[in-house]
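Each remark here refers to the structure printed beneath this line.
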Amino acid sequence: MIRLLHSRLLPSALVGALLATPALAQSEIGTVERGRYVCELPGDAGGDVGIVQDGAGFSIESASRYTSPQGGGTYLRRGNRLIMTSGPRNGDEYQIVGRRFLRKIVDGQPSRLRCIRQGR
């Protein structure tokens with residue numbers, strides 16, 4: 001009985017572990033490049049390329065701290081997501097599109113608001 005139960009559980013456990021591995025690898029903790037991120041909405045063909053949104057930008061100060069016009073706090077990077085975890089932006093979330101390019105997440109989906117790293 002124990003041998004039969006063991007022979008059924010072990011393969012299931014191995015398959016479960018193998019399937020979970022890619023999900024865990026995608027959510028590794030990391031950092032975001034330091035500097036000032038200017039947030040803007042897309043412009044149009046007849047005008048500016050981007051329309052800066054006052055008060056939406058922020059600066060990454062260190063491996064886990066940000067500052068914004070509203071105040072400072074901490075952030076956490078997990079895989080391709082940046083989540084503000086304290087301060088006035090607590091709960092704000094961004095998709096990391098590239099090394100210097102973020103897109104704000106609204107209602108679980110990437111929004112039109114993009115944040116581009118402009119300098120240190």
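Count residues from 1 along the sequence.
Within the 3.5 Å criterion, the main-chain N or O of G55 finds a donor-acceptor partner in the side chain of Q70. Checked by atom type and distance alone, the side chain of R36 never pairs as donor or acceptor with a backbone atom of I116 at under 3.5 Å. Formation of a donor-acceptor pair under 3.5 Å by the Y75 side chain with backbone atoms of S86 is not found in this model. Remark: the backbone N or O of S64 is not paired with any side-chain donor or acceptor of T74 at under 3.5 angstrom. Using a distance-only test at 3.5 Å, with no hydrogens or angles considered, a donor-acceptor pair links the side chain of R103 to the main chain of S111.
Residues Q53 and L113 form a side-chain contact, since some pair of their non-hydrogen atoms from C-beta on lies under 4.5 Å apart. You'll find the side chain of M84 reaches within 4.5 Å of the side chain of Y94, heavy atoms only. Inter-residue side-chain proximity for S59 and S68 is flagged as unmet; no heavy-atom pair is nearer than 4.5 Å. Counting heavy atoms from C-beta on, the side chains of V38 and V52 come closer than 4.5 Å. Looking only at side-chain heavy atoms (C-beta outward), R77 and V32 come within less than 4.5 Å of each other.
Among residues two or more places apart in sequence or in another chain, the salt bridge (Lys or Arg N to Asp or Glu O under 4.0 Å) test is passed with R114 by E40. R81 pairs by the salt bridge (Lys or Arg N to Asp or Glu O under 4.0 Å) definition with E93, not counting sequence neighbours.
Of the inter-residue distances, the one linking L82 atom CG with T31 atom OG1 reads 10.5 Å to the nearest 0.5 angstrom. Here CZ of R34 is found 12.5 Å from CZ of R65. Values are rounded to the nearest 0.5 Å. In this structure, the separation between OG1 on T85 and CG on N90 is 6.5 Å, given to the nearest 0.5 Å. Interatomic distance, NZ of K104 versus CZ of R112, reported as 14.5 Å (0.5 Å rounding).
For the pair R100 and E33, the salt-bridge criterion is met [side-chain N within less than 4.0 Å of a carboxylate O].
With hydrophobic clusters built from ILVMFWY side chains whose heavy atoms lie under 4.5 angstrom apart, I105 does not share a cluster with L102.
Contact detail for G57 and P69: the closest heavy-atom pair is O-CD, 3.4 Å.
Relative ring orientation between Y66 and F58 is described as perpendicular, the plane-to-plane angle rising above 60° on a 0-90° scale split at 30° and 60°.
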